[in-house]
2 protein chains.
Amino acid sequence: MFTPRPIGYVRTPFTDAKQIPKGLGAKHDAEGVLEILPEFEPGLTDVEGFSHLFVLWTFDRSQGFDLVANPPADNRPHGVFATRSPRRPNPIGLTTVELLRHEGRMLHVRGVDMLDGTPILDIKPYLSSMPAEVLKRGWLAEAEARKKETV
Amino acid sequence: MFTPRPIGYVRTPFTDAKQIPKGLGAKHDAEGVLEILPEFEPGLTDVEGFSHLFVLWTFDRSQGFDLVANPPADNRPHGVFATRSPRRPNPIGLTTVELLRHEGRMLHVRGVDMLDGTPILDIKPYLSSMPAEVLKRGWLAEAEARKKETV
C-alpha cells in the first residue's frame with residue numbers, strides 16, 4: 001500500500017462536526033476553498049473547465065470504525081459500506097463540489113461538508129452522472145418514506 | 001494521516017492495463033466481483049438496496065506521479081487533478097459501479113475498470129447525481145469535439 005500525504009487542506013465554515021448539515025434533507029451549499037500546496041499547483045492545470053469535482057479527503061478527527069452503526073438519517077443500523085459514516089476502516093471521505101473559480105492554488109467551491117483544515121488526498125474531474133431515474137437509494141429512500149408518513 | 005489497508009480485492013477480466021477500455025467513447029460495462037475480506041463482511045449489511053456504488057481503490061501497480069501529462073483521451077497535456085491518471089500523488093482510484101447482486105462477502109458489479117486483484121479501500125453508496133445538463137466537462141468535451149470534426 002501507499003503512504004497518504006495531503007495535497008492541500010480544505011477551508012470551510014465548519015469548526016465542529018455538529019455544524020455540518022446531516023441526515024434527511026440536509027442541504028450542502030456551503031462555500032469553501034480547496035487550498036492546494038504550492039508543490040502540487042501545476043496539477044490543477046485545466047481544472048477550471050469542469051463544473052464539478054470529486055474531492056477525496058481524510059476524516060482526520062475520527063478514530064476507529066464500526067462495521068454496523070446508526071447513521072444520522074435513520075434510527076435503524078446499517079453496514080458502514082452502505083453509509084457515509086466517518087468511522088470507516090479507511091477514513092476517506094468523498095464529496096462532490098461545484099467549482100466556482102480557480103485562482104492559482106486555490107479552488108473556490110460550493111458544497112463542502114468537511115471540517116475546516118481537513119487534509120485533501122485527491123481531486124478528480126466529475127465526468128458523467130447516472131441518470132436519476134436509474135438510481136435506487138436503499139435504506140435512505142425507505143427512511144425518507146417513513147419520515148414523510150409521520151409528517 | 002492513516003495507514004491504508006485493503007478491505008478486499010476486485011476480481012476483473014483485466015490482467016494487463018492495455019485491456020482496460022480508455023479514452024474517448026470507452027465503454028465500461030465489464031462485470032467483476034468485489035471480494036470483501038471476511039472480517040469486514042458485516043459492513044456490507046443493507047448495501048443491496050443501492051443500485052450504484054462508489055468504489056475507492058489503489059493503483060497498486062503504478063509508481064510515482066506526474067503533475068502534468070497526456071491522458072489517453074487527448075493529445076494535449078492536462079493537470080493530473082483534471083484527469084483520472086493512475087500516476088497521482090495519492091494513487092487512489094474511484095469507480096462508479098452498478099450493483100448486480102450481493103452474496104455474502106461478494107458484490108457482483110458491472111462497470112469495473114481496475115486490474116484483477118486490485119486492493120479495495122472503501123465502498124460508499126451512490127446517493128444522488130448532478131443533472132447532466134449542469135455538467136461542464138472541460139478539456140474532455142473539447143477533445144470529443146475535435147475528434148468529431150476529424151471524422
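Below, chain A is the first sequence line, B the second, and so on; all start at residue 1.
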With the 4.5 Å side-chain cut-off for hydrophobic clustering, are A/Leu67 and B/Phe50 part of the same group? yes
Ranked by heavy-atom pairs below 4.5 Å to chain A, first place among B/Gly49, B/Pro131, B/Ala82 goes to B/Ala82
Is a side-chain N or O of B/Ser51 found less than 3.5 angstrom from the main chain of A/Lys136, in a donor-acceptor match? yes
Do you reckon A/Val10 sits in the same ILVMFWY cluster as A/Leu121, going by side-chain contacts under 4.5 Å, direct or chained? no
Identify the two heavy atoms, one from B/Phe81 and one from A/Val47, that lie closest to each other, and give their separation to 0.1 Å. O-CG2, 3.9 Å
Minimum heavy-atom distance between B/Leu135 and A/Ser128, given as atom pair plus value: CD1-CA, 3.9 Å
Quick check on the hydrophobic clustering: are B/Phe59 and B/Val112 connected, directly or via other members, by side-chain heavy-atom contacts under 4.5 Å? yes
Tell me, yes or no, whether the heavy-atom count around B/Glu103 atom CD, taken from other residues, nucleotides or ligands under 6.0 Å, exceeds 12. yes
Establish whether B/Leu34 and B/Leu37 are linked, either directly or via other cluster members, by ILVMFWY side-chain heavy-atom contacts under 4.5 Å. yes
Which heavy atom of A/Ile7 sits nearest a heavy atom of B/Pro89, and at what distance? CG2-CB, 3.8 Å
If Ile, Leu, Val, Met, Phe, Trp and Tyr residues are connected whenever their side-chain heavy atoms lie under 4.5 Å apart, and connections chain through other members, are A/Val97 and A/Trp57 in the same group? yes
Report the relative orientation of the aromatic rings in A/Phe40 and B/Phe65; use parallel for angles under 30°, tilted for 30 to 60°, perpendicular for over 60°. tilted
Atom pair CZ (B/Phe2) and OG1 (A/Thr3), whose distance is rounded to the nearest 0.5 Å: 10.0 Å
For a quick test of reading the model, state the closest non-hydrogen atom pair linking B/Leu127 to A/Arg137 and the distance between them. O-NE, 2.8 Å
From the list A/Leu140, A/Ile123, A/Leu53, A/Val80, the residue making the most non-hydrogen contacts under 4.5 Å with chain B is A/Ile123
Please look at A/Ser85 and chain B and tell me whether the side chain, the backbone, both or neither of the residue comes under 4.5 angstrom of a heavy atom of that chain. neither
When the 4.5 angstrom heavy-atom criterion is applied to B/Glu39 and chain A, the contacting part is backbone
Flag the pair A/Phe54 / B/Phe54 as yes when their ring centroid distance falls below 6.0 Å, and as no otherwise. yes
With a 4.5 angstrom heavy-atom cut-off, could you sort out which part of B/Pro77 is near chain A: side chain, backbone, both or neither? backbone
Just do the side chain to side chain contact (heavy atoms under 4.5 Å, CB included) check on A/Tyr126 and B/Met130 with the steps written out, would you? CA-CA 9 Å; A/Tyr126 188 108; B/Met130 294 299 145; 3.7 Å; yes
Evaluate whether atom CZ of A/Arg76 has more than 12 neighbouring non-hydrogen atoms of other residues, nucleotides or ligands under 6.0 angstrom away. no
Measure distances from A/Pro119 to the heavy atoms of chain B and classify the residue's part below 4.5 Å as side chain, backbone, both or neither. side chain
Partner chain A: residue of B/Val68, B/Asp66, B/Thr83, B/Leu94 with the largest heavy-atom pair count (under 4.5 Å): B/Leu94
Go through the steps to decide whether A/Asn90 and B/Leu56 satisfy the test side chain to side chain contact (heavy atoms under 4.5 Å, CB included), and finish with yes or no. CA-CA 10 Å; A/Asn90 290 294; B/Leu56 279 70; over 6 Å; no
Contact leader toward chain B among A/Ile92, A/Thr96, A/Leu44, where contacts are heavy-atom pairs under 4.5 Å: A/Ile92
Could you walk me through whether B/Val134 and A/His52 satisfy the side chain to side chain contact (heavy atoms under 4.5 Å, CB included) test, starting with their C-alpha distance in whole Å, then the side-chain angles of each, then the deciding distance to 0.1 Å, before giving a yes or no? CA-CA 9 Å; B/Val134 306; A/His52 294 78; 3.8 Å; yes
Before giving the answer on side chain to side chain contact (heavy atoms under 4.5 Å, CB included), spell out for A/Asp60 and B/Met1 the whole-Å C-alpha distance, their side-chain angles and the decisive distance to 0.1 Å. CA-CA 7 Å; A/Asp60 64 320; B/Met1 301 295 269; 6.0 Å; no
If you count heavy-atom pairs under 4.5 Å between each of A/Ile36, A/Leu99, A/Thr45 and chain B, which one has the most? A/Thr45
Is the side chain of A/Asp122 donor-acceptor paired with the backbone N or O of B/Arg88 at a distance under 3.5 Å, no angle test? no
